[in-house]
Number of protein chains: 2
Amino acid sequence: MTTKRAAETRRTSIGAQRNPASQDAILQAAEEILVEGGLGSFSIEAVARRAHAGKPTIYRWWPTRAILLLDVYHRQKFVDIAPDTGAIETDIFQLLNDLLEFWNTGHGGAVFRSVIAEAQTDPAASKALAAYMAERYQQGGEIFRRAKARGEVVDWVVPELAMEIITSFVWKRLLTDRLDIAPEQLRLVVRHLVQGLKVP
Amino acid sequence: MTTKRAAETRRTSIGAQRNPASQDAILQAAEEILVEGGLGSFSIEAVARRAHAGKPTIYRWWPTRAILLLDVYHRQKFVDIAPDTGAIETDIFQLLNDLLEFWNTGHGGAVFRSVIAEAQTDPAASKALAAYMAERYQQGGEIFRRAKARGEVVDWVVPELAMEIITSFVWKRLLTDRLDIAPEQLRLVVRHLVQGLKVP
DNA sequence: ACTTGAACGAAACGGAACGTTTCGTTATGT
DNA sequence: ACATAACGAAACGTTCCGTTTCGTTCAAGT
């Protein structure tokens with residue numbers, strides 16, 4: 001008997017290389033803690049305990065709390081950022097609807113909230129979040145580029161800016177715990193948002 | 001000599017009542033720490049040190065960090081939430097412009113960011129923030145009620161919802177450190193936001 | 001006038017999480 | 001075979017938590 005106890009469950013080194021089992025266990029534990037208790041109960045100690053991992057192992061691969069959070073966040077399956085229904089209004093409705101469903105039903109909402117909160121403290125997290133969002137606007141802007149090509153949207157619309165404006169609303173709802181938006185209410189919101197962008 | 005040292009600078013009890021001097025010193029120290037170092041360096045210990053106050057004094061009047069933050073926040077001088085220029089577009093432009101200036105030049109931005117971040121951890125802060133925002137939308141909605149009375153805005157516009165949508169954009173900019181919006185760019189944003197709400 | 005009681009700043013408490021170091025073990029790469 | 005590196009566990013000193021204890025300074029009630 002080489003170890004004192006719990007030898008059967010203890011993960012150990014697989015040599016001079018990263019252990020994927022440890023990586024998975026840590027990321028899963030981090031996500032679980034975040035979803036169950038929110039950012040308030042999220043600590044490296046807690047993650048290490050839950051994952052049965054050593055703190056140095058976590059610090060080796062995720063130097064800061066923010067980096068670990070972002071890694072959890074990026075593991076999430078994401079919704080289609082640029083649906084193509086043929087009309088701008090239904091495109092936006094579907095985009096926001098998918099996003100709300102992803103945040104409400106999955107773990108995405110809790111994790112994303114935490115990332116945003118962390119970005120208010122950690123400049124590195126803030127930068128990473130900004131880069132990510134810029135990419136999202138770029139991709140999502142495709143909705144408006146298509147609509148402009150169809151002649152559905154006026155020419156002064158800036159696709160990336162329009163995307164930012166539109167997603168800002170659900171951001172705020174996420175951060176203020178008011179994601180329970182009924183479909184007809186969401187339709188009204190979309191109307192407020194895109195009515196003025198359409199060609200009269 | 002009754003005290004050992006620093007007797008000349010030490011605030012003391014003024015009897016069985018709250019000491020306004022201590023209250024001021026604590027709130028000012030809290031604001032300074034928040035502005036200088038952000039929420040990351042904001043702790044009750046740090047505030048007590050800076051204010052030369054005892055921790056029990058702080059905990060007596062501000063039971064939680066969130067309550068202290070909200071108190072600092074409410075001390076700020078606020079911009080006019082419902083300017084009346086006679087036209088919806090210029091009303092909104094002025095509102096957002098004033099808000100941006102307040103956040104950029106004063107301490108309002110840093111403090112408000114911290115309140116939002118704190119609300120992601122503390123449910124009580126979240127509730128207080130939600131109540132405050134609801135009141136703001138109610139007041140700011142006056143812009144749209146006036147515009148509707150003038151026949152400038154279509155009838156399906158919901159004043160409070162429109163206000164929430166419009167302020168969501170600057171919220172997101174505040175939280176992602178991108179408040180440097182040039183006047184002409186802000187004018188473009190306002191155009192995106194209100195063009196569709198106007199009577200054709 | 002005297003006593004009671006509450007607020008004040010300072011100091012110290014036990015507990016939790018921080019980020020780091022030390023250790024013995026495991027297994028890869030040379 | 002041997003150096004190297006990752007692993008989990010344990011312990012380190014530090015910081016902040018929220019609370020308690022202490023001696024003081026006064027206002028309020030008797």
Side-chain angles (χ1 to χ4, degrees), chain A residues 1-30 33-34 37-69 114 118 121-122 124, chain B residues 1-30 33-34 37-69 114 118 121-122 124:
Chain A
M1 191 173 189
T2 57
T3 54
K4 299 152 210 161
R5 55 180 175 141
E8 67 280 358
T9 58
R10 180 181 181 177
R11 276 186 316 277
T12 180
S13 170
I14 58 170
Q17 60 182 353
R18 187 170 191 173
N19 187 339
S22 291
Q23 182 177 0
D24 289 345
I26 288 165
L27 285 172
Q28 188 182 330
I33 288 172
L34 220 48
L39 191 55
S41 49
F42 185 83
S43 70
I44 301 294
E45 296 258 353
V47 173
R49 270 197 304 271
R50 183 152 192 158
H52 300 291
K55 282 200 292 173
T57 302
I58 300 183
Y59 281 107
R60 175 164 15 247
W61 303 110
W62 298 276
T64 72
R65 225 171 80 119
I67 292 176
L68 177 53
L69 275 174
S114 301
E118 189 74 9
T121 294
D122 184 326
Chain B
M1 188 173 187
T2 56
T3 54
K4 300 152 208 161
R5 54 178 176 143
E8 68 281 358
T9 59
R10 182 181 183 178
R11 276 186 316 276
T12 181
S13 171
I14 57 170
Q17 59 183 352
R18 187 170 191 172
N19 187 337
S22 291
Q23 182 177 359
D24 289 346
I26 288 164
L27 285 172
Q28 188 182 330
I33 289 172
L34 221 48
L39 191 54
S41 49
F42 185 83
S43 70
I44 301 293
E45 296 257 352
V47 173
R49 270 197 303 271
R50 182 152 192 158
H52 299 292
K55 283 201 291 173
T57 302
I58 300 183
Y59 280 107
R60 174 161 22 242
W61 303 110
W62 299 276
T64 70
R65 224 172 80 119
I67 291 176
L68 177 54
L69 276 174
S114 301
E118 189 74 9
T121 293
D122 184 326

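Look at CZ on A:Arg11: it is 15 Å from C1' on C:dT25, rounded to the nearest Å. Between B:Arg10 atom CZ and C:dC8 atom P the separation is 12 Å, expressed in whole Å.
In this structure, the side chains of B:Pro63 and B:Leu68 stay at 4.5 Å or more apart for every pair of heavy atoms. Residues B:Glu45 and B:Ile58 are not in side-chain contact: their nearest non-hydrogen atoms beyond the backbone lie 4.5 Å or more apart. You'll find the side chain of B:Leu69 stays beyond 4.5 Å of the side chain of B:Thr64, heavy atoms only. B:Asn19 has its side chain out of reach of B:Ser13: every pair of non-hydrogen atoms, C-beta onward, lies at least 4.5 Å apart. The closest side-chain heavy-atom distance from B:Ile26 to B:Trp61 is not below 4.5 Å. At a threshold of 4.5 Å between non-hydrogen side-chain atoms, the residues A:Leu27 and A:Trp62 count as touching. The shortest distance between side-chain heavy atoms of A:Arg10 and A:His52 does not fall below 4.5 Å.
Listed nucleotides: D:dA9, C:dT20, D:dT25. Nearest to the side chain of B:Ser13: D:dT25.
For D:dA6, neither phosphate oxygen OP1 nor OP2 lies less than 4.0 angstrom from any side-chain nitrogen or oxygen of A:Arg18.
Of all the heavy atoms in A:Ser41 and A:Ile33, the pair that sits closest is O-CG2, 3.5 Å.
The stretch residues 11-30 of chain B participates, sequence neighbours left out, in these salt bridge (charged side-chain N to carboxylate O under 4.0 Å, His left out) pairs: B:Asp24-B:Arg75.
To the nearest 0.5 Å, atoms OH (A:Tyr59) and CZ (A:Arg65) are separated by 10.0 Å.
Relative to the axis of its first five pairs, the axis of the last five pairs of the helix from C:dA1-D:dT30 to C:dT30-D:dA1 sits at 10°, rounded to 10 degrees.
Comparing A:Gln23 and B:Arg49 by the nucleotide of DNA chain D that holds the closest heavy atom to each, the one mapping nearer the 5' end is A:Gln23. Remark on DNA chain C: of its neighbouring residues B:His52 and A:Lys55, the 5'-side contact belongs to B:His52, judged by nearest-heavy-atom nucleotide.
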Below 3.5 Å between N/O atoms, which protein atoms pair up with nucleotides 28-30 of chain C? Just atom names and distances, please.
none

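Legend: residues meeting salt bridge (charged side-chain N to carboxylate O under 4.0 Å, His left out) with B:Arg50, ordered by chain and number and at least two apart, are B:Glu32, B:Glu36.
Residues from residues 57-65 of chain A that place a heavy atom under 4.0 Å from any atom of DNA chain D, listed by number: A:Thr57, A:Arg60, A:Trp61. Contact check of residues 37-48 of chain A against DNA chain D (heavy atom, cut-off under 4.0 Å) returns no residues at all.
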